[in-house]
Amino acid sequence: QVQLVESGGGLVQPGGSLRLSCTASGFTLGRHAIAWFRQAPGKEREAVSCIGGSSGLTEYGDSVKGRFTISRDNAKNTVYLQMNSLNPEDTAVYYCATDTGYGSYCGLSLYEYTYWGQGTQVTVSS
């Protein structure tokens, strides 16, 4: 069974950092494209970042370029999102997602992704 579980969210002050984790089970994460999305109350779901399977190539949404970094540890079947220089506009529920087939490359369209985690809350506030 394909499962994705996010962790690492919490409350952080503006300018602080958090590292989110997405741990996969039921499939080999390194063969698939994995993406992070986020959704704040009253707003549409927004693409944050993605990483390809065999290619390892990454993409970032404009709002997080230069601040967030996506990475993968295949031995742990886990994808990370390192978030630096956080501001209140980053407050949202963060989700990781994958699709059913192999994905050498990734994209930032939510329609590319079939399986989603339950989300982890990130709150940036002073």
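The basis for the numbers below is simple: all heavy atoms, side chains too, and nothing from hydrogens, waters or symmetry mates.
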Check: Between Tyr60 and Val48, does a side-chain contact (heavy atoms from CB on, under 4.5 Å) hold up when you go through it step by step?
Finding: CA-CA 6 Å; Tyr60 294 92; Val48 176; over 6 Å; no
Item checked: Expected output: side-chain Arg72 to main-chain Gly52 donor-acceptor under 3.5 Å -> yes
Next item on the list: List the steps and the verdict of side-chain contact (heavy atoms from CB on, under 4.5 Å) for Asp99 and His32.
Entry: CA-CA 7 Å; Asp99 58 19; His32 298 260; 4.1 Å; yes
Pairs under 3.5 angstrom only: tabulate donor-acceptor contacts from the side chains of residues 9-29 to other protein residues two or more places apart or in another chain.
| residue | atom | partner | partner atom | Å |
| --- | --- | --- | --- | --- |
| Ser17 | OG | Asn84 | OD1 | 2.9 |
| Thr23 | OG1 | Thr78 | OG1 | 3.2 |

Notebook entry, point to check: So if you build clusters from Ile, Leu, Val, Met, Phe, Trp, Tyr with side-chain heavy-atom gaps below 4.5 Å, do Val124 and Tyr95 land together?
Noted result: no
Check: Quick one: do Leu81 and Tyr115 end up in the same hydrophobic cluster if we chain Ile, Leu, Val, Met, Phe, Trp and Tyr together by side-chain heavy atoms under 4.5 Å apart?
Finding: yes
Margin query: Any donor-acceptor pair under 3.5 Å linking the side-chain atoms of Thr123 with those of Thr91?
Written below: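 No, no side-chain donor-acceptor pair sits under 3.5 Å.
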Notebook entry, point to check: When you look at Trp36 and Glu6, which way does the side-chain contact (heavy atoms from CB on, under 4.5 Å) test go after all the steps?
Noted result: CA-CA 10 Å; Trp36 287 96; Glu6 303 96 334; 3.8 Å; yes
Notebook entry, point to check: Heavy atoms, side chains only, cut-off 4.5 Å: are Cys50 and Tyr113 in contact?
Noted result: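 Yes, their side chains come closer than 4.5 Å.
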Checklist line | Test of ring centre spacing under 6.0 Å for Trp116 and Phe37 | finding: yes
Checklist line | side chain to side chain donor-acceptor pair (under 3.5 Å): pairs with one or both residues in residues 43-52, sequence neighbours excluded | finding: Arg38-Glu46, Gln39-Arg45, Glu46-Ser63
Value rounded to 0.5 Å, distance of [atom1] in [X] from [atom2] in [Y]:
| X | Y | atom1 | atom2 | result |
| --- | --- | --- | --- | --- |
| Tyr94 | Thr120 | OH | OG1 | 10.5 Å |
| Cys96 | Ile34 | SG | CD1 | 7.0 Å |
| Glu59 | Ile51 | CD | CD1 | 11.0 Å |

Check: Looking only at heavy atoms, what is the nearest atom pair of Leu4 and Gln118, with distance?
Finding: O-OE1, 3.7 Å
Next item on the list: Grab the two heavy atoms, one from Glu112 and one from Leu108, that are nearest each other, plus how far apart they are.
Entry: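 Scanning both residues, the minimum pair turns out to be OE2-N, 4.0 Å.
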Next item on the list: Could you go through the side-chain contact (heavy atoms from CB on, under 4.5 Å) check for Ile70 and Gln82 one step at a time?
Entry: CA-CA 6 Å; Ile70 191 169; Gln82 178 67 46; over 6 Å; no
